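Source: prediction; values computed, not measured.
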Amino acid sequence: KKKKKGNNGRYRANFVSGTFTSANYIVAGIAGNFQSATSSQTGIVPQGTRTTSQYEFKTITGSSGGADKSEVNIVFFGD
């Protein structure tokens with residue numbers, strides 16, 4: 001992943017050429033500070049247009065908007 005530091009939870013995952021044949025892949029993820037018992041879990045929200053070379057997303061906690069997180073876990077499934 002490539003984090004756009006200080007950009008309110010915005011991130012970009014760059015794929016190696018040939019990873020996906022189309023942009024019809026499935027994305028799942030979660031973010032937060034998993035070492036803290038009081039940390040709230042954060043969702044992954046798509047940003048921009050997904051392509052075969054990159055996926056831009058934002059981490060959010062409830063309705064509070066974007067927030068940079070210490071840990072971001074995201075997985076992609078597709079062909």
Checklist entry - At what distance, to the nearest 0.5 angstrom, does CZ of F15 lie from CD of Q54? => result 8.5 Å

Checklist outcome for this item: When every non-hydrogen atom of K58 is compared with those of N8, the smallest separation belongs to CE-O, 3.4 Å

Item to check | Counterpart residues, side chain to side chain contact (heavy atoms under 4.5 Å, CB included), relative to V45 (two or more places apart) | outcome: Q47, I60

Checklist outcome for this item: Taking every heavy atom of G29 against every heavy atom of I44, the minimum-distance pair comes out as C-CG1, 3.4 Å

Checklist entry - So do V72 and Y11 actually touch side chain to side chain, heavy atoms under 4.5 Å? => result yes

Checklist entry - S53: what forms a side chain to side chain donor-acceptor pair (under 3.5 Å) with it, not counting sequence neighbours? => result T51

Checklist entry - Of the non-hydrogen atoms in Y55 and I74, which two are nearest, and what is the gap between them? => result CE2-CD1, 4.1 Å

Checklist entry - Can you name the nearest heavy-atom pair linking D68 to R10, along with the distance? => result OD1-N, 4.4 Å

Checklist entry - What heavy-atom pair brings A23 and R50 nearest, and what distance separates the two atoms? => result O-CD, 2.8 Å

Next on the checklist: Checking V16 now: which residues fulfil side chain to side chain contact (heavy atoms under 4.5 Å, CB included) with it, not counting sequence neighbours?
Outcome noted: T19

Checklist outcome for this item: Scanning both residues in full, the closest heavy-atom pair of F77 with F20 reads C-CE2, 4.2 Å

